[in-house]
Amino acid sequence: MERHIDYLSFQAGGKMTVPFEAFLIFSTNLRPDQLGDEAFLRRIQYKMFLRNPVREEFIEIFLSFSASQGLECPLELLDAFIEKHYAATGKKFRRCHPRDVLSHAIDLINFEQLPFELTETLLNRAFDSCFVQPGMEDCTIWPT
């Protein structure tokens with residue numbers, strides 16, 4: 001990696017040198033001072049802080065990812081979802097949550113051969129399968 005080259009080996013026995021560039025990216029929820037000492041942090045040359053999205057940004061991310069998956073998400077449904085799982089519980093918005101929840105919803109749709117549409121029940125089940133809630137040790141995400 002330090003020389004910025006790699007070697008490809010062919011089945012016929014030959015080798016070839018090719019350019020190689022690596023750029024490592026780390027992501028964490030920890031504060032930088034919890035990762036390591038000053039010398040360690042100095043070796044990570046670029047650092048950036050991404051704050052949690054506000055409600056409007058979260059809605060935009062959710063609707064954008066939903067549209068990219070071909071799923072229509074009515075704003076009333078999303079508002080009810082946010083009220084139940086975020087506003088009422090104090091759970092913080094994270095930029096990855098829309099992708100995670102919608103991916104789980106799509107997996108449920110495909111596995112159970114449900115209509116390709118979002119419903120309140122489906123979003124609630126997808127949310128519950130993404131996040132472990134205290135006191136849910138004996139609960140199931142499957143409908144009864």
Side-chain angles (χ1 to χ4, degrees), residues 1-10 15-144:
M1 279 199 284
E2 293 171 348
R3 295 185 200 158
H4 301 283
I5 58 172
D6 197 5
Y7 302 95
L8 297 180
S9 299
F10 300 106
K15 284 188 174 186
M16 178 179 165
T17 304
V18 293
F20 178 77
E21 186 72 33
F23 190 82
L24 296 176
I25 298 175
F26 300 97
S27 175
T28 181
N29 291 335
L30 300 175
R31 292 189 330 262
D33 63 342
Q34 293 176 311
L35 292 174
D37 62 11
E38 182 183 343
F40 173 77
L41 293 174
R42 189 175 58 245
R43 288 172 173 85
I44 302 174
Q45 294 180 357
Y46 300 99
K47 301 162 206 66
M48 55 190 310
F49 173 72
L50 291 177
R51 63 173 171 68
N52 292 330
V54 295
R55 183 183 182 112
E56 293 75 23
E57 290 173 305
F58 185 83
I59 289 170
E60 183 180 334
I61 294 167
F62 202 100
L63 294 175
S64 176
F65 188 78
S66 178
S68 78
Q69 301 304 301
L71 267 174
E72 184 180 336
C73 183
L75 199 49
E76 312 80 51
L77 177 65
L78 183 51
D79 282 336
F81 172 79
I82 289 171
E83 263 319 298
K84 178 176 183 174
H85 294 290
Y86 292 90
T89 66
K91 186 169 189 67
K92 294 181 184 328
F93 294 122
R94 303 282 194 230
R95 296 177 190 281
C96 61
H97 288 180
R99 178 206 59 214
D100 295 346
V101 171
L102 289 168
S103 294
H104 278 241
I106 291 169
D107 289 342
L108 287 167
I109 287 170
N110 291 330
F111 183 75
E112 297 178 6
Q113 299 177 347
L114 301 171
F116 198 71
E117 62 186 21
L118 292 176
T119 64
E120 181 180 357
T121 300
L122 182 64
L123 276 177
N124 290 336
R125 289 178 58 207
F127 182 90
D128 290 343
S129 70
C130 284
F131 305 103
V132 177
Q133 306 294 329
M136 288 188 62
E137 297 82 13
D138 298 322
C139 293
T140 179
I141 61 165
W142 306 109
T144 54

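The structure presented is a predicted model; accordingly, all values stated were derived computationally and were not measured.
Atom-to-atom distance recorded for M48:CE and S27:OG is 10.5 Å, nearest 0.5 angstrom. Here the straight-line distance linking atom CG of N124 with atom OG of S129 works out to 11.0 Å at 0.5 Å rounding. The OG atom of S66 sits 15.0 Å away from the CZ atom of R99 when rounded to the nearest 0.5 Å. The distance from atom CZ of R95 to atom CZ of F65, rounded to the nearest 0.5 Å, is 15.5 Å. Remark: N29 CG to R31 CZ distance equals 12.5 Å, nearest 0.5 Å. The distance from atom CG of L78 to atom CZ of R55, rounded to the nearest 0.5 Å, is 8.0 Å.
Shortest non-hydrogen contact noted between M16 and F10 is CB-CE1, 3.6 Å. Nearest heavy atoms, L77 versus T119: CD1-C, 3.8 Å. Heavy-atom minimum distance, A126 versus L108: N-CD1, 4.0 Å. When all heavy atoms are compared, the tightest approach of P98 to R94 is CD-O, 3.6 Å. Scanning all heavy atoms of the two residues, the minimum distance from I5 to F20 falls at C-CB, 3.6 Å. Shown here for V101 and F81, the closest heavy-atom pair between the two residues is CG1-CZ, 4.0 Å.
Just one residue in the list F62, F127, F131 forms a ring-ring contact (aromatic ring centres under 6.0 Å, His included) with H97, and that residue is F131.
Residue Q69 places its CD atom among more than 12 non-hydrogen atoms of other residues, nucleotides or ligands, all under 6.0 Å distant.
Inter-residue side-chain proximity for D79 and I59 is flagged as met; some heavy-atom pair is nearer than 4.5 Å. Looking only at side-chain heavy atoms (C-beta outward), Y46 and I25 stay at 4.5 Å or farther from each other. In this structure the side chain of E57 never reaches within 4.5 angstrom of the side chain of N52, judged on heavy atoms. Between L118 and L102 the shortest side-chain heavy-atom distance falls below 4.5 Å. Using a 4.5 Å heavy-atom cutoff, the side chains of L41 and D33 are not in contact. Counting only heavy atoms from C-beta outward, the side chains of F116 and L71 approach each other to under 4.5 Å.
Between D128 and H104, the side chains place no donor N or O within less than 3.5 Å of an acceptor N or O (distance only, hydrogens not considered).
Salt-bridge formation is not detected for the pair R125/D107: no Lys NZ or Arg NE/NH1/NH2 atom is positioned less than 4.0 Å from an Asp or Glu carboxylate oxygen.
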